[in-house]
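Reviewing the structure listed below.
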Amino acid sequence: MRSFSNANPRDMQQAAKLAQQARMEGRNAAFAGGGSDMLGLIKERIATPDVLVHLKGIQGANKVETKGGATVIGGQISLSDLSHNQVILKRYAVLAEAAGSVATPQIRNAGTLAGNVCQRPWCWYFRNGFPCFKAGGSQCFSFNGENQFHAIFGGGPSFIVHPSDTAVALMALDAKFRIVGPSGQRTLSAADFFTLPKQNAAKENALAYDEVLASVELPAAAAGQRSSYHKVLDRDAWTHAVVSTAVVLDMNGDTCRSARIVLGGVAPIPWRVPEAEKVLTGQRVTPELAARAAETALAGAQPLAKNAYKIPLTKEIVQRTVSAVARA
Amino acid sequence: MSKPRNKKSISRRKFIEGTGAALVAAAAVPTLDAQTPAAAKASGGGTSAVPRSTIRLKVNGAMHNIEVEDRWTLVEVLRDHLKLTGTKIGCDRGECGACTVHVDGNAVYSCSQLAVWMDGKSIQTVEGLEKNGKLDPLQQAFIDFDAPQCGFCTSGQLMAAKAVLNKNPRPTREEVRAGMAGNICRCSNYNLYVDATLAAAGVSAGMGSKTIIVDDAGATRVAPLKTLGRATPRIDTRLRVSGKASYTGDVSLPGMLYARVLRSPHPHAKIRKIDTSRAADLPGVKAIVTHENCNYVWGAGSIAGGRQYVEEMKKITKQRRYAFNNPVRYAGEPVAAVAAVDRHTAEEALQLISVDYEVLPFVLDQEEALKPGAPQIWPEGNISLDIRNEAKPMREARGNVEQGLRESDRVFESRYSTTFVHNAQMEPRGAVAQWEGDKLTIYTPTGGIANCRTDMARDLGIPEENVRVICQYMGGNFGNKNQNQDSDLITATLAKLAGAPVKLEYTRKEDFIGMHGRWPTTQYYKVGVKKDGTLHALEMRGFSGMGPYRKNSGSIGGIQLYKVPHVQYVVTPVYTNKTTGANFRGPEFPQGFFGAQSMMDEVAYQMGMDPVEFLVKNMTRKAEDEHEYTNYTLEECFRRGAEAFDWKKRWKAKPGSDTGSVKRGSGVAFLAFRAGLGRSAAWMDVDSQGRYKVHVGVTDVGGGAKTTMGLIAAEALGVPLSQVEVIWGDTSRCPYSVGESGSRTTIMTGYAVIQAARDLQKMIAEKGLPKGNDLLTAKADTNPSVPGGKVRNSFAAHFVEVEVDTAVGHVKVLKYVAVHDSGRIMNPLSATGQIKGAVIMGIGMALHEELHYDPRSGQALTAGYYGQRVATHMDAPDVEVIFIESDDGYGPFGAKSIGEAGKLPAVAAIGNAIFNATGKRMRDLPIRRQRLVEVRA
């Protein structure tokens with residue numbers, strides 16, 4: 001491995017300052033949560049930090065707290081703690097399920113919510129060291145290449161899909177992302193936190209080099225809120241989502257008061273489908289209606305040469321998940 | 001010589017940028033970190049001021065204050081600095097689980113944690129499971145169930161299972177699977193790991209691991225023996241479950257250097273110049289080798305290469321494979337290697353080597369490579385040269401196929417294809433080499449210490465007696481491990497140059513992209529059938545993608561399974577710019593059986609016949625329709641299997657007939673596979689106390705060979721196993737053994753063991769036991785054959801039911817029954833694992849596995865366990881095994897081959913079951929989710 005120094009900040013702001021300071025000294029800093037993704041990138045020399053800022057040791061950065069109706073989750077909570085947390089299981093099942101679907105037990109024990117949300121893409125070109133947009137280069141190798149696992153929505157100029165399961169759930173829960181920088185903090189909605197390649201092809205989110213995702217805040221769950229995450233894998237364990245969906249419905253009997261549906265594995269960001277949500281709003285959720293919502297969700301998909309299968313596949317899981325959540 | 005310098009240097013990076021090439025090696029890629037924009041720039045690195053920290057670590061209860069480099073991972077500290085080598089490195093990327101340890105009670109991958117992050121934490125490793133010399137009940141259960149095969153993943157499996165039980169003392173089978181989902185076992189002994197874990201929890205294993213042994217219903221009843229045939233825990237399992245078994249990577253010698261290999265990013269390129277001067281200047285670098293200063297031929301790297309040492313071939317050999325080749329012919333081919341004081345310095349040095357490549361056109365597909373104008377990989381063309389240096393397809397024929405097809409009432413045609421799949425054994429290749437004067441000792445993961453020694457001596461040009469090969473434990477084989485490796489040559493060369501012992505460690509990715517796997521094929525079948533469903537003519541044209549070196553024949557097995565008068569087989573082995581296709585568990589059969597047995601399944605349905613009925617009517621009765629088998633139990637395999645599986649009930653007469661998107665269906669496939677006799681040797685001695693030692697050149701690649709040799713010796717001597725000590729895995733102490741490949745160790749080396757026992761008994765009868773410290777020694781070198789032109793085969797029939805969720809393309813195996821005749825079952829415990837593991841590997845090949853190449857860059861995109869989608873605990877169904885025991889009177893007590901057998905029919909059986917469920921014939925491997933969704937859409 002290339003050499004670097006490890007830094008153990010006291011708090012998130014100090015973490016951010018360490019990154020800022022490194023930059024001023026002409027050095028490169030990176031943040032690590034559980035480390036699973038970052039160490040892989042360093043070993044492959046895709047990331048080359050001189051300073052690695054370790055966030056997971058920060059005291060109190062892994063708590064789940066309820067404030068009023070809202071729930072604040074520290075970014076450094078482990079994915080396994082998150083998936084077993086009683087508050088989350090009860091009110092925000094979609095997030096617990098998404099966290100529990102990540103990789104393997106070992107990675108969930110080490111990996112953090114913030115790390116899962118901020119992990120780099122798992123595009124096979126990027127991970128194999130091709131000088132693509134995501135590596136600071138100026139092309140996307142998948143566009144005319146092997147794009148079986150690439151975007152059908154929101155692609156261009158990079159066609160990666162966002163790799164995080166929890167990000168899909170967080171967007172479906174209308175989470176707010178609390179970001180800490182060297183001189184303060186800001187809060188972004190999911191819509192503003194995740195950024196498309198056309199905004200900045202090298203990045204997946206709005207974090208500056210010296211900012212960290214400190215926590216997420218989930219709004220109060222409506223009384224009739226039910227939710228679920230459905231992930232399609234490429235073997236029966238430890239792959240990123242081929243496609244996935246997070247469905248959050250506020251149900252009154254068998255009528256849907258409101259819906260949030262987000263797709264994973266289809267776009268460079270978690271892909272919300274408002275038109276499909278509208279199909280459900282105010283309606284009795286029948287299998288036919290779920291199918292119509294699924295159809296609507298995939299309208300406008302623009303597959304590349306080798307990933308058109310994602311359209312029927314995603315439709316199917318949207319239909320199934322909407323039906324299942326409505327029935328539950 | 002050890003520090004080559006060139007005055008002029010063109011950096012590889014500069015060169016690539018300058019030419020605008022579309023790809024570069026990982027090392028040359030402009031890099032970014034996760035949350036930082038591109039502007040920040042890293043310096044060149046080097047070892048001058050490596051940041052260090054002092055940490056307090058509690059490991060297995062003991063406190064350690066250690067100074068660590070900040071970049072060291074936890075597993076590095078455990079293995080290299082605390083000498084706790086029970087924790088293994090299988091992938092170093094959080095993909096396989098071999099490095100699983102507990103941190104404050106939670107299972108984590110120790111390869112994916114920095115040691116410096118562990119400050120103040122409590123770590124438990126496999127070494128901490130044992131308390132006061134007493135094994136943990138889980139360890140004992142692993143022994144009792146024979147859960148470890150090669151054992152390389154075992155420490156990780158134990159720690160994962162322990163974590164499951166700590167949280168949930170009485171888990172269900174599914175909970176155990178889910179809890180261990182992060183631990184790959186490439187021997188695929190998943191069933192037994194789960195059984196053992198449940199047993200340790202006091203939960204009944206249920207039907208999970210059912211194995212039944214029945215007699216051959218024919219005349220050849222198997223006489224019971226005293227020692228053989230009883231479920232016996234392996235003699236070395238205790239070491240495998242306690243982290244004490246010493247694998248190559250666990251060997252550490254004083255003053256040892258670490259080596260790393262630089263590989264070509266280009267699938268085809270001429271090396272104009274290599275500048276190693278900057279690497280040589282890096283403090284800590286001790287030796288560098290490239291094609292310029294290391295021109296050893298790697299004979300075992302190709303057939304033609306190996307054959308060139310035969311006198312008559314030496315003069316005409318046209319295509320030599322060297323340890324370092326120029327031009328490079330696949331992306332991942334070694335270009336240079338560095339030995340340095342530690343692995344990080346060696347890796348850093350690779351970054352400083354500049355290679356000036358002249359990029360050449362390349363071709364990846366075997367059929368494309370034969371088209372006019374295709375890039376030429378060798379001057380002689382792209383048809384792979386055979387051992388006689390002739391570029392011609394392999395042909396076999398019986399009868400007259402054209403006439404046969406004309407005479408047939410119906411003729412069916414189809415094309416099948418299979419992809420490159422890597423062996424993915426858990427232990428990455430590597431070696432430790434040490435020279436004492438002109439004598440070389442090499443520790444290497446080989447299943448053939450004798451062959452490895454011969455190869456090393458030949459390649460290095462030194463006498464065989466100057467080479468000692470040691471392999472006490474190795475982490476899986478599955479092919480290409482019965483020779484020396486390029487890693488062995490490179491390590492030996494570096495050690496010679498540096499004047500110090502050298503350890504070379506291949507990364508998981510290097511093992512995938514640089515070494516051998518199953519060759520991809522395209523197969524064209526034409527089948528003629530009579531009205532009554534009798535096969536009449538069978539034509540097969542095939543193309544095998546061998547990579548740029550012909551390491552194996554490249555044939556495509558399968559059509560020999562049928563009784564048919566008119567046959568023609570033409571297979572062309574073709575050079576391509578992928579990594580080399582070679583031996584992988586039944587080298588030519590799983591892919592050939594998939595094509596041939598899917599094709600015959602098609603024909604059966606077309607003829608309106610039940611596939612079982614069709615196969616029983618048309619399957620082989622004599623080898624090549626000509627030679628009698630020493631015994632024949634195929635019909636029995638089918639009968640028993642159909643019964644146990646309930647074929648009539650599960651099979652759908654109308655494929656795809658289940659309503660709705662979730663459909664069930666069943667498939668069948670079968671096997672007849674070599675179980676021939678042949679040459680091997682064994683020594684046996686006895687001391688004055690009547691204690692026996694059997695010396696055999698086996699290493700036990702995972703099949704249990706050491707224990708089997710001990711059992712055979714005990715049986716032949718008429719003493720308990722405890723009175724026999726087995727000496728293995730060291731050429732200085734063991735005679736020639738055939739080497740663990742081709743499913744033949746039990747048969748061939750076992751035969752020699754019996755002979756040595758008989759000879760020794762005769763000596764004892766004549767002279768009595770020796771006195772004092774004397775030994776009596778018998779040395780047997782046997783080479784038996786089956787007389788009368790008979791052919792010895794193992795047989796099997798596999799039955800599988802799948803449930804296909806067609807709308808989402810998911811396949812679930814509901815029931816799997818594998819019926820095998822492998823002759824006498826020497827140790828039912830290990831035999832069971834051989835079949836179960838092989839079947840699960842076959843399922844993985846059918847549904848998921850592929851080393852996928854990028855057609856534009858020629859680089860492999862899916863190297864590693866994550867990329868190739870190697871089966872996990874969650875992908876492994878419970879497999880029921882039925883052994884039909886037979887004794888044909890040959891081999892050691894009637895034992896036949898077993899190691900490869902289970903995988904061969906599994907791939908075809910799955911494909912056929914998917915057809916029965918869905919009505920869609922999947923003709924290309926792997927039958928991935930995507931393809932199933934596409935055929936439905």
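Below, read A as the first sequence line, B as the second, and so on, with proteins coming before strands; counting in each chain starts at 1.
Contacts between B:Ala178 and chain A at a heavy-atom distance below 4.5 Å involve the backbone alone (N, CA, C, O). Residue B:Ala860 touches chain A through its backbone alone, counting heavy-atom pairs closer than 4.5 Å. For B:Ile184, the part lying near chain A is the side chain, with the backbone staying farther off; criterion is any non-hydrogen pair under 4.5 Å. For B:Asp119, no part sits under 4.5 Å from any heavy atom of chain A, backbone or side chain. In this structure, the portions of A:Asn144 lying under 4.5 Å from any heavy atom of chain B include both its backbone and its side chain. For a residue to count as touching a neighbouring chain, one of its non-hydrogen atoms must lie under 4.5 Å from one of that chain's; by this rule A:Ala32 touches chain B with the side chain only. When heavy atoms are compared at a cutoff of 4.5 Å, B:Leu847 does not approach chain A at all. For a residue to count as touching a neighbouring chain, one of its non-hydrogen atoms must lie under 4.5 Å from one of that chain's; by this rule B:Ser53 does not touch chain A.
Between the side chains of A:Tyr125 and B:Ser857, no donor N or O sits under 3.5 Å from an acceptor N or O.
Between A:Trp124 and B:Gln859 the shortest side-chain heavy-atom distance does not fall below 4.5 Å. With contacts defined as side-chain heavy-atom distances shorter than 4.5 Å, the pair A:Phe130/B:Asp854 qualifies. At least one side-chain heavy atom of B:Arg856 sits under 4.5 Å from a side-chain heavy atom of A:Phe141. B:Asp70 is not listed as a side-chain neighbour of A:Leu52, based on a closest heavy-atom distance of 4.5 Å or more. Taking 4.5 Å as the limit, some side-chain heavy atom of A:Met1 sits within range of a side-chain heavy atom of B:Thr73.
Ranking A:Leu313, A:Asn8, A:Asn200 against chain B, the residue ahead of the rest is A:Leu313, based on heavy-atom pairs under 4.5 Å. When B:Asn183, B:Asn106, B:Thr100, B:Asp92 are compared by the number of non-hydrogen pairs under 4.5 Å with chain A, B:Asp92 comes out ahead. Among the candidates B:Arg931, B:Gln930, B:Glu934, the residue making the largest number of heavy-atom pairs closer than 4.5 Å to chain A is B:Gln930. Most heavy-atom pairs under 4.5 Å with chain A: of the set B:Thr862, B:Val164, B:Asp805, B:Thr507, this distinction falls to B:Asp805. Chosen from A:Lys56, A:His54, A:Glu316, the residue pairing most often with chain B at heavy-atom distances under 4.5 Å is A:His54. The choice from B:Arg869, B:His852, B:Glu95, B:Met874 that makes the most heavy-atom pairs within less than 4.5 Å of chain A is B:Arg869.
Near-neighbour residues of residues 806-813 of chain B relative to chain A, defined by a heavy atom under 4.5 Å from a heavy atom of that chain, comprise B:Ala807, B:Val808, B:His810.
No donor-acceptor distance shorter than 3.5 angstrom exists from the side chain of A:Asn6 to the backbone of B:Val116, with no hydrogens or angles considered. At least one donor-acceptor pair closer than 3.5 Å links the side chain of A:Asn109 to the backbone N or O of B:Ala107. Side-chain atoms of B:Arg71 do not come within 3.5 Å of backbone N or O of A:Ser5 as any donor-acceptor pair. The backbone N or O of A:Asp236 sits less than 3.5 Å from a side-chain atom of B:Asp875, completing a donor-acceptor pair. Formation of a donor-acceptor pair under 3.5 Å by the A:Lys43 side chain with backbone atoms of B:Arg93 is not found in this model.
Nearest heavy atom pair, residue A:Arg320 against residue B:Ser661, reads NH2-OG, 3.5 Å. Shown here for B:Arg929 and A:Leu233, the closest heavy-atom pair between the two residues is NE-O, 2.8 Å. Between A:Gly34 and B:Gln113 the shortest heavy-atom distance is O-NE2, 3.0 Å. In plain terms, the two heavy atoms of B:Gly182 and A:Pro105 that are nearest each other are N-CD, 3.9 Å. Between A:Ala237 and B:Thr872, the shortest heavy-atom contact is CB-OG1, 3.5 Å. When every heavy atom of B:Cys111 is checked against every heavy atom of A:Leu39, the shortest pair comes out as O-CD1, 4.4 Å.
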Could you give me the CA-CA distance, side-chain angles and deciding distance for A:Trp238 and B:Tyr865, then say whether ring pair (Phe, Tyr, Trp, His ring centres under 6.0 Å) is met? CA-CA 10 Å; A:Trp238 195 184; B:Tyr865 293 105; over 10 Å; no

Please report the C-alpha distance between A:Arg45 and B:Gln351 in whole Å, then the side-chain angles of each, then the deciding distance to 0.1 Å, and finally whether the side chain to side chain contact (heavy atoms under 4.5 Å, CB included) criterion is met. CA-CA 10 Å; A:Arg45 294 179 184 252; B:Gln351 311 300 313; 3.4 Å; yes

Begin with the C-alpha distance, continue with both residues' side-chain angles, and end with the deciding distance and a verdict on side chain to side chain contact (heavy atoms under 4.5 Å, CB included) for A:Phe4 and B:Val50. CA-CA 7 Å; A:Phe4 53 81; B:Val50 176; over 6 Å; no

Take B:Lys509 and A:Asn128 through the side chain to side chain contact (heavy atoms under 4.5 Å, CB included) test and state the conclusion after the steps. CA-CA 10 Å; B:Lys509 183 174 176 180; A:Asn128 278 296; 3.0 Å; yes

One pair to check against salt bridge (Lys or Arg N to Asp or Glu O under 4.0 Å): A:Arg235 and B:Glu849. What are the steps and the verdict? CA-CA 10 Å; A:Arg235 59 180 166 179; B:Glu849 293 184 23; over 6 Å; no

Run the side-chain donor-acceptor check on residues 304-312 of chain A: report pairs under 3.5 Å with partners two or more places apart or on a different chain.
residue: A:Lys306; atom: NZ; partner: A:Glu146; partner atom: OE1; Å: 3.4
residue: A:Lys306; atom: NZ; partner: A:Glu146; partner atom: OE2; Å: 2.6
residue: A:Asn307; atom: OD1; partner: A:Leu304; partner atom: N; Å: 2.7
residue: A:Asn307; atom: ND2; partner: A:Asn147; partner atom: O; Å: 3.4
residue: A:Asn307; atom: ND2; partner: A:His150; partner atom: O; Å: 2.9
residue: A:Asn307; atom: ND2; partner: A:Ala151; partner atom: O; Å: 3.3
residue: A:Tyr309; atom: OH; partner: A:Gln148; partner atom: O; Å: 2.8
residue: A:Lys310; atom: NZ; partner: A:Phe149; partner atom: O; Å: 3.2
residue: A:Lys310; atom: NZ; partner: A:His150; partner atom: O; Å: 2.9
residue: A:Lys310; atom: NZ; partner: A:Gly265; partner atom: O; Å: 2.7

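Atom CZ in A:Arg127 sits 8.0 Å away from atom OH in B:Tyr866 (nearest 0.5 Å). Rounded to the nearest 0.5 angstrom, A:Asp234 CG and B:Arg928 CZ are separated by 5.0 Å. Atom NE2 of residue B:His873 and atom OG1 of residue A:Thr104 lie 11.5 Å apart, to the nearest 0.5 angstrom. A distance of 11.5 Å separates CD of B:Glu347 from OG of A:Ser3, quoted to the nearest 0.5 Å.
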